Chemist: 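This is the structure I want to talk about, given as structure tokens.
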Amino acid sequence: MNVLRLFNTLTKRVEAFEPRDPERVTFYTCGPTVYDDAHIGNFRSFLAADVLRRFIESPMCVLAEEPGHRSGERCHQERCHQERCHQERCHRGPRQVVHVMNITDVGHMTDDADGGENGEDRMAVAGRRLLEAKKAGKLAAGVDVDPKDPRQIARYFEGRFKEDARKLGLKLVMEADQDATLMPRATEHVGGMIKVIERLIARGAAYVVGDVGRRVVYFSVQAFPAYGSLSGNTLDKLREGAGGRVSAENQSGKRHPADFLLWKEDPSHIMKWASPWGEGYPGWHIECSVMSVAGTDARADVGTMVVPDAEPIIDLHSGGEDNIFPHHECEIAQSCCAFNAQPRGATYAKMWFHPRFLLVEGEKMSKSKGNFFTARDLFAKGHEPAAVRLELIKTHYRSNANFTEQGLKDSAARIERWRAYAAFLTKQCVEHADDDPGFTFYLTAEGLGHAIRALCTDLNTARVIAELDSKQSMDVSNVERKYFEHPSNWESDLGEEWRVAHDPSQNGYRRELACLRLLDSVLGVIFTSRQSSESVRDIGLFIGVEPSPEVEAKLRERRDARARKDFAASDRLRDELAAMGYAIKDAKDGKVEVRRK
RNA sequence: GGCCGCGUGCCAGAGUGGUCUAAUGGGGCGGAUUGCAAAUCCGUUGCGCAAGCUUCGUCGGUUCGAAUCCGACCGCGGCCUCCA
């Protein structure tokens, strides 16, 4: 039996993921800081988390169960379709995943990357940039944001982040439109942070230094013996200041050099709140300790909740690899010391999932190298979001994937081939075609099983893509794409798809389509609505491309030229489109297919 | 200096003890098709006419057998107090 196994940063091994309650998995992802647009590296990390949560909640995913778990008996009887499962402790989906991602909108981040102003607040930098954009008239029409108000700046970029994320199919963001508690804002949880800091002080895990007006609360790392277990940076091995980002002034009041900030009294700060330690702002790490609990368990009160010894608080936690230390290390220390009855030996999150950084054209992404892209940069260039999504999830999350323009084109073409296959299968279903004994249903036969095994083995998305590509030996060039737009492709119940996929009495085409939908429920790139409006459908198909009115006009002009066999005009228009970066292909009925060159 | 991840063919990227000259896609080459293209489909793509020989960062080791396990080294990426 294949159960989901993941590389756990905490144990540095690939191991079975065993949530406390397999019917309700809690998952927390460190979210974006909203002082700028998210770039494709940010999104790679968020998309890896999205793929994981989509798989966990799907009927394809089987989870191992802790011995003696409460729901163990029931699932074996009712849910499992696999014979061997009855002998082992496991639980088959579908199941609920409570996925929470915070929005870091507190302006205490310092910008050492491109601000240069040695510790200038990121929100202040963002405000200055916005102000410049506003003066230059570069701000989009209808946007009214006051560059002096950090809350407005944060809301502005939060809105843009959600817009990009929706296009890229981040399920969590779409859910958060219905339930805002799934994307909590740090600024709205400062009260909880203060409560947790008070608890930490009361338990001797934190201390206050400095005179009134300049008070600072630090977490005492020596209060938590397990400090260092996630990153390997144990207290005896840490070398103070090796990262070159600590100032002597900040270190002077600490009992131990690794102690970190929980609260800083600073009435002059750009964003500030009242607290028992004066007006000021919270440390960076404390927000996630609070929001991971508040988001995944709405009933919990961070001021009073007590977790029994060694019991995890959440099942799964993700974030970029740069968060491993110090952020996640500190989060563990805070949460265990604040919430666990016995911090020693406690577990905050059971499984830690850290996607690695993305390279672009073989190099580290940086603004100075010119290989720095935000998601919206790519959308603006006409790349379809689904292609960007596939390009970002196609490589194993734990390797340094290389994002390339060529790869983006490949991804767009790949998606279109899959869509053509979906259109073909849909056509056969709609027309109630009989099974063709000469046709190989490669997914139904074994591809689905291979793909599921790959996902169970540390979320191997590349292998899933290979399964979707392989053994597909049919000419998809002549399939009428209108079948892809068939309403049945846009609403499907995954539990039902799973049943159909495993029901031998069903039509082969129907079963194959069910397999395709199941796999795409994880990848999220095939059955996504294209941006194309009704008005452009009569011209043709936009492959990995967002149509623009300008392109549309040229295509119409060219279609008319071809109708009257004016090939000179037709070729001239094709060249013009090529110069704009579009490749076109003539298809049936005077239609064209448009892609990126 | 410490801790962690990764290193596969022209490119991207699977493969974690034998069925591996190594999945899959791209690119290249040949063919079908096309107003010309593009796309699509078929074949081919380490060397050799062949029996056969040789690849998976490098060097060693374990094993009957290694891309796969172990060690060292080299390279890339991340972190060492607030960049996914």
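Since the model is a prediction, treat every value here as computed from it, not as a measurement. Note on naming: letters A, B, ... go to the chains in the order of the sequence lines (proteins, then strands), and numbering restarts at 1 for each one.
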Chemist: Is it possible for you to check whether A:Arg53 lies under 6.0 Å from the centre of the six-membered ring of A:Phe27, through NZ or CZ, and within 45° of that ring's axis?
Modeler: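 No, cation not above the ring by the 6.0 Å, 45° rule.
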Chemist: Determine the contact category for A:Asp322: base if any of its heavy atoms lies under 4.0 Å from a base atom, sugar-phosphate if only primed atoms, P, OP1 or OP2 are that close, otherwise nothing.
Modeler: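 Since a base atom lies under 4.0 Å of A:Asp322, the category is base.
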Chemist: I'd like the C1' distance from B:C82 over to B:G13, given in whole Å.
Modeler: 35 Å
Chemist: Using the closest heavy atom to pick a nucleotide of RNA chain B for each, name whichever of A:Gly31 or A:Phe260 lands nearer the 5' end.
Modeler: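 Nearest-nucleotide comparison on RNA chain B picks A:Phe260.
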Chemist: With nearest nucleotides of RNA chain B determined for A:Asp410 and A:Ile584 from heavy-atom distances, which residue corresponds to the more 5′ nucleotide?
Modeler: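 Closer to the 5' end of RNA chain B: A:Asp410.
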Chemist: Once you apply a heavy-atom cut-off of 4.0 Å, does A:Ala401 come out as touching a base, just sugar-phosphate, or nothing?
Modeler: sugar-phosphate
Chemist: Counting the atoms with a prime plus P, OP1 and OP2 as sugar-phosphate, which does A:Arg574 contact under 4.0 Å by heavy atoms, base, sugar-phosphate, or nothing?
Modeler: base
Chemist: Roughly, in whole Å, what's the span from NE2 in A:His39 to C1' in B:C83?
Modeler: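 Those two atoms, NE2 and C1', are 7 Å apart.
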Chemist: Suppose we define a pair by two distances each less than 3.5 Å, Watson-Crick or G-U wobble; what does B:U19 pair with here?
Modeler: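 Base partner found: none.
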Chemist: Taking only N and O in the side chain of A:Arg564, is any of them less than 4.0 Å away from OP1 or OP2 of B:G35?
Modeler: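 No, outside the criterion.
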Chemist: Please give the nucleotide sitting opposite B:C82 as a Watson-Crick or G-U wobble pair, both distances under 3.5 Å, or none.
Modeler: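 Check on B:C82: unpaired, no WC or wobble geometry under 3.5 Å.
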Chemist: Taking 4.0 Å as the cut-off, does a side-chain nitrogen or oxygen of A:Arg398 come that near to OP1 or OP2 on B:C6?
Modeler: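 So the side chain of A:Arg398 is within the cut-off, an N or O lying under 4.0 Å from OP1 or OP2 of B:C6.
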Chemist: For atom P, what is the distance between B:G57 and B:C41, given to the nearest Å?
Modeler: 33 Å
Chemist: Whom does B:G35 pair with, Watson-Crick or G-U wobble, provided both distances fall under 3.5 Å?
Modeler: none
Chemist: Quick one: do A:Glu416 and A:Arg419 make a salt bridge, cutoff under 4.0 Å?
Modeler: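 So A:Glu416 pairs with A:Arg419 through a salt bridge.
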Chemist: Less than 6.0 angstrom from the centroid, inside 45 degrees of the normal: does A:Arg255 satisfy that with respect to the ring of A:Tyr218?
Modeler: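 A:Arg255 over A:Tyr218 ring: no.
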